[in-house]
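What follows is one structure encoded as structure tokens, with my remarks underneath.
Chain identifiers are assigned alphabetically (A, B, ...) following the order of the sequence lines, protein sequences preceding nucleic acid strands; residue numbering begins at 1 within each chain. The analysis underlying the following values was restricted to heavy atoms, covering all of them including side chains, and did not include hydrogens, waters or symmetry mates.
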Amino acid sequence: MVRVDMKKLINEPGAVVDEMLDGMVAAYPEALARLDGTNVLVRADAPVEGKVGIVSGGGSGHEPTHAGYIGDGMLDGAAAGEVFTSPTADQLGEMIQACDAGEGVLCVVKNYEGDVMNFETGIELAEMESDVEVTYVVVDDDVAVEDSLYTSGRRGVCGTIFVHKAAGAKAAQGGDLAEVERVAQKVVDRVGTMGMALTSCTTPEKGEPTFDLPEDEIELGIGIHGEPGIERTEVMDADSVTEHLTERVLEDLELDAGARVATIVNGMGGTPQMELFVVNRRLQEILGERDIETWDAWVGDYMTSLDMAGCSITLLELDDELEELLSHPVETPALTVRDD
Amino acid sequence: MVRVDMKKLINEPGAVVDEMLDGMVAAYPEALARLDGTNVLVRADAPVEGKVGIVSGGGSGHEPTHAGYIGDGMLDGAAAGEVFTSPTADQLGEMIQACDAGEGVLCVVKNYEGDVMNFETGIELAEMESDVEVTYVVVDDDVAVEDSLYTSGRRGVCGTIFVHKAAGAKAAQGGDLAEVERVAQKVVDRVGTMGMALTSCTTPEKGEPTFDLPEDEIELGIGIHGEPGIERTEVMDADSVTEHLTERVLEDLELDAGARVATIVNGMGGTPQMELFVVNRRLQEILGERDIETWDAWVGDYMTSLDMAGCSITLLELDDELEELLSHPVETPALTVRDD
Amino acid sequence: MAETDTQREAVLTAVERVTDRIAEEKGHLTDLDSAIGDADHGANLDRGFGKALAAVEDSEDDPAEIVKTVGVTLVSAVGGASGPLYGGSIMTASQELEGGITADSSVAFAEAYLKKVKDRGGARIGDKTMVDALTPAVHTYKKSIEEDELSPVTALSKAVDAAERGVRFTTPIRANKGRASYLGWRSVGHPDPGATSTLYIMEELLAVASE
Amino acid sequence: MAETDTQREAVLTAVERVTDRIAEEKGHLTDLDSAIGDADHGANLDRGFGKALAAVEDSEDDPAEIVKTVGVTLVSAVGGASGPLYGGSIMTASQELEGGITADSSVAFAEAYLKKVKDRGGARIGDKTMVDALTPAVHTYKKSIEEDELSPVTALSKAVDAAERGVRFTTPIRANKGRASYLGWRSVGHPDPGATSTLYIMEELLAVASE
Ligand SMILES: Nc1ncnc2c1ncn2[C@@H]1O[C@H](COP(=O)(O)OP(=O)(O)O)[C@@H](O)[C@H]1O
Ligand SMILES: Nc1ncnc2c1ncn2[C@@H]1O[C@H](COP(=O)(O)OP(=O)(O)O)[C@@H](O)[C@H]1O
Ligand SMILES: [Mg+2]
Ligand SMILES: [Mg+2]
Ligand SMILES: [Mg+2]
Ligand SMILES: [Mg+2]
């Protein structure tokens with residue numbers, strides 16, 4: 001028996017990603033398969049004949065992101081890096097090839113230099129080894145990060161789930177690579193997210209909180225990797241937090257009365273659902289006050305940071321096309337939408 | 001703005017249940033409705049013509065239990081008590097009446113004296129005020145608790161979800177009250193659960209951990225109310241924890257080679273999904289080693305204890321009837337099963 | 001002032017003082033419940049009595065009716081095990097006061113209350129519940145009035161002593177009922193929260209009766 | 001011993017010593033990365049060099065081939081930003097060593113490495129990245145050999161000094177690239193993890209070269 005000195009249900013910290021992936025396949029043996037010798041999960045029936053492949057990936061620790069969204073109507077493959085570390089280029093290359101049925105592959109990449117660089121290299125590798133056609137979109141929905149020439153740009157966070165959903169639906173409906181990419185980019189252009197943390201997370205490797213957060217302070221504008229946020233303030237109540245996050249996203253998206261949105265109140269992994277619903281209550285009130293119509297409201301753990309307590313709020317401005325794509329049925333471990 | 005001194009996304013601690021319920025309805029306005037002046041949520045289309053009603057309820061803080069399982073194929077209503085406190089008898093009585101379409105109502109009660117006493121009183125009240133036919137089953141799946149003449153008996157924990165699922169399916173298929181009750185009782189007779197905690201939870205009212213757990217110790221045999229467990233041991237790795245919990249449940253159910261089960265690895269609210277999958281990996285290995293066939297494996301937060309870190313393992317021994325009922329399509333906020 | 005008015009005053013004062021006392025002890029009761037339960041006993045009773053007081057504050061009802069309203073309100077505001085136990089028992093026992101509050105009717109109230117708690121909860125003495133404080137208190141009260149022919153105030157004061165010994169009795173024993181029973185042997189060494197709150201309530205009744 | 005054998009020995013020793021040093025500094029690098037990043041830089045490089053050493057340990061390949069294998073292994077074992085930056089650049093630059101390791105080819109290697117890091121990551125000097133340690137180091141190395149005609153060991157020792165100043169330079173500035181850039185002004189006051197690991201690696205190369 002290995003003694004672990006932190007409070008986690010793990011064995012060797014170095015084995016956690018490998019064991020998690022096996023545990024996922026054991027939970028969904030008919031839906032998921034692991035590519036031999038890699039940390040890539042794919043649809044058991046990949047590549048799906050006649051369909052554009054959609055793949056994603058990134059560091060582990062964000063479960064159910066990414067592999068939780070593999071399935072009919074969403075992702076064909078997802079690559080898991082070490083905790084909070086992008087997957088490696090060679091595995092991304094293998095995943096791309098495994099998900100190509102001849103119609104090409106779209107990569108959904110979150111805007112982190114590690115992810116972008118490894119995906120770019122992975123795409124090069126896949127193109128060298130086969131004649132797969134590959135494109136990618138970079139999701140950068142985090143409105144907390146200043147977007148200027150002098151930064152790496154905004155981070156990709158929970159808005160990515162909407163990209164998977166819309167692009168996945170388009171692909172399932174027979175869209176070609178260019179159409180699928182257009183839809184993905186459309187979501188990227190219309191989605192914004194802002195997050196906050198009540199506590200830091202603790203990675204299996206480090207075994208202690210990534211940042212110190214005193215009892216009476218919270219972080220605003222955090223990402224999903226245990227990076228400290230843009231601002232630290234005193235503890236606020238749920239309504240004030242919700243107002244702060246929502247205002248920032250609304251400002252960024254420049255949403256006016258009459259707009260129609262889909263929303264996510266996302267938990268960071270250590271937040272009780274009770275609290276997420278308390279946040280959703282105020283979010284929907286604010287939108288109502290501004291005459292913004294919520295077409296659909298998701299509440300839950302969609303893209304987490306291990307055991308961090310906190311939440312993020314995502315708004316996506318809809319049009320008829322996106323609404324139709326979000327309603328398309330989907331069946332994945334983490335998200336199911338049923339036919340009406 | 002109200003200053004709260006603990007790290008929670010709440011406003012007034014006393015308002016958290018009320019605000020959570022409003023936030024749930026705001027997330028699922030087409031599916032859920034709140035009974036005026038109560039903490040009861042029901043299907044928006046309740047009572048459902050020609051169908052036996054199925055209701056449940058208990059303290060709050062276990063989300064998605066109970067209201068998360070309201071919907072077609074599962075619950076018709078769920079009453080939310082204060083955090084970890086049974087709902088009151090008058091509200092239970094109202095719920096029962098609101099979910100009766102003339103075919104009778106089954107109450108699924110977890111075995112806590114508060115829940116049982118309040119449900120009994122609620123049933124009396126409902127029967128006094130209308131001619132509804134009501135029965136109830138008491139779920140007591142927690143194998144950690146010694147079951148003897150000298151205790152209150154075993155607690156009802158995560159196995160309750162299987163009761164909701166099977167009874168809900170039977171009712172959706174047109175089963176009458178007696179049949180629905182028989183199916184519910186059958187699940188109760190064949191299901192076992194055992195849980196553990198890495199950390200205590202913190203209730204909004206108290207604002208600090210319910211029990212102290214030193215850095216290097218864990219609790220085995222906890223319930224879902226922040227009660228300390230039956231045994232405290234030193235920290236173990238995930239495989240050892242899984243073995244311990246699984247052995248206890250297997251022993252209790254007396255499962256032999258060739259048995260067929262459905263399993264739940266349930267998170268207590270503050271456990272990253274990553275860790276739950278690590279546990280599921282070992283659970284399925286153990287079952288495989290013993291020639292027990294897993295028909296379906298659920299992994300996630302099904303019945304939580306606020307922000308507690310830890311997990312429980314539930315096994316249900318299936319037969320053809322139960323397998324068929326668990327496969328019946330269902331659409332609720334927390335659980336969706338699609339038609340094949 | 002008519003007899004009914006005096007009694008109504010006394011009952012309302014009692015409700016107020018119990019409510020205040022519970023509010024004061026809320027944290028302590030919750031701490032007791034977090035050692036062997038789920039850390040809500042103080043919050044449960046505080047919520048319940050707060051609502052009960054609000055429900056009867058300006059009431060012009062008969063004393064018995066007021067007591068009944070307190071019980072009904074507790075049932076619909078407390079939840080948990082203590083809701084039906086406290087509320088339901090007060091509700092049922094209030095019938096005994098319908099002819100006015102006398103030494104005899106107060107004994108009948110106490111007995112009916114104890115019976116209901118035991119019927120509803122199924123606990124016996126020694127199970128480490130409120131029954132362990134209630135039983136000696138009610139027995140002492142009854143004997144003091146019916147056999148020793150003491151005044152109700154003196155009888156109540158003896159009952160409070162008995163309840164206190166009952167609370168102390170709960171500490172070293174193992175719980176067989178309620179949430180604490182899940183702890184098995186680990187419940188030994190802690191007093192029972194419900195027995196403790198029962199004692200506090202009786203102390204306030206005694207204070208009002210002594211005035 | 002043939003020239004190639006000596007060089008292979010030196011390269012393998014260098015890989016070993018770098019691997020050991022990174023293992024030693026793993027916690028420190030992770031701490032640096034937790035202040036302004038995501039607390040994995042130490043673990044990332046430790047995992048990468050551990051696998052790289054295992055991949056080449058008993059290799060009979062040419063020195064250039066060994067260096068390339070190190071790069072390839074880092075790409076496939078590190079992930080994150082530092083994976084393609086370290087691994088990809090070593091991979092590409094290793095071509096410069098194909099004709100053997102000489103003073104000239106080592107300058108070409110250093111230049112190719114710096115170019116690849118800048119091309120791949122898009123960072124410029126002053127963005128608070130490994131580029132801030134690398135640029136002065138490579139410039140100093142090149143000038144020391146090509147203009148000042150110093151020995152490679154002396155040149156490398158000057159380059160290490162330059163890299164160290166580069167690391168210190170990263171502390172008081174704001175990050176514009178990498179994860180630290182999300183912190184905006186809050187990144188000021190912390191040294192860059194990637195610049196720091198670059199310095200450590202160079203220190204080990206110098207130690208091997210000096211033996
Ligand atoms: N079956 C029972 N019979 C008598 N008293 C009980 C019983 N179960 C619980 N109690 C009393 O209730 C108290 C706990 O009340 P409370 O914490 O409000 O409810 P819950 O246990 O539902 O959280 C216990 O300390 C005990 O005195
Ligand atoms: N665009 C970039 N250009 C150059 N160096 C970079 C860039 N982005 C990050 N780095 C370097 O990488 C280091 C972080 O590496 P590491 O922590 O392993 O990866 P990640 O940031 O993906 O977690 C930073 O300290 C910085 O020196
Ligand atoms: Mg990283
Ligand atoms: Mg309770
Ligand atoms: Mg309690
Ligand atoms: Mg990093």
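For C/V75, the parts sitting under 4.5 Å from any heavy atom of chain B are the backbone and the side chain alike. Using a 4.5 Å cut-off between heavy atoms, C/A77 touches chain B through its backbone atoms (N, CA, C, O) alone. Within the 4.5 angstrom heavy-atom criterion, no atom of C/A180 approaches chain B. With a threshold of 4.5 angstrom between heavy atoms, B/N39 does not approach chain C through any atom at all. For B/V116, no part sits under 4.5 Å from any heavy atom of chain C, backbone or side chain. Using a 4.5 Å cut-off between heavy atoms, B/E94 makes no contact with chain C at all.
Chosen from C/I36, C/T30, C/N44, the residue pairing most often with chain B at heavy-atom distances under 4.5 Å is C/N44. No other option in C/A43, C/P84, C/A39 has as many heavy-atom pairs under 4.5 Å with chain B as C/P84.
Considering every non-hydrogen atom in both C/G37 and B/T210, the closest pair reads O-CG2, 4.5 Å. Minimum heavy-atom separation, C/G121 to B/E113: O-OE2, 4.2 Å.
In this structure, CG on B/L92 lies 11.5 Å from OG on C/S76, to the nearest 0.5 angstrom. C/K26 NZ to B/E205 CD: the interatomic distance, rounded to the nearest 0.5 Å, is 4.5 Å. To the nearest 0.5 Å, the span separating NZ on B/K206 from CG on C/D38 amounts to 11.0 Å.
Comment: C/R186 engages B/E219 in a salt bridge, judged by a side-chain N to carboxylate O separation of less than 4.0 angstrom.
Counting heavy atoms from C-beta outward, B/M117 and C/L85 have side chains that approach closer than 4.5 Å. Contact of the C/R47 side chain with the B/T85 side chain is registered, since non-hydrogen atoms from C-beta on lie closer than 4.5 Å.
For residues 208-229 of chain B, the set of pairs meeting the ring-ring contact (aromatic ring centres under 6.0 Å, His included) definition, not counting sequence neighbours, comprises B/H62-B/H225, B/F84-B/H225, B/Y112-B/H225.
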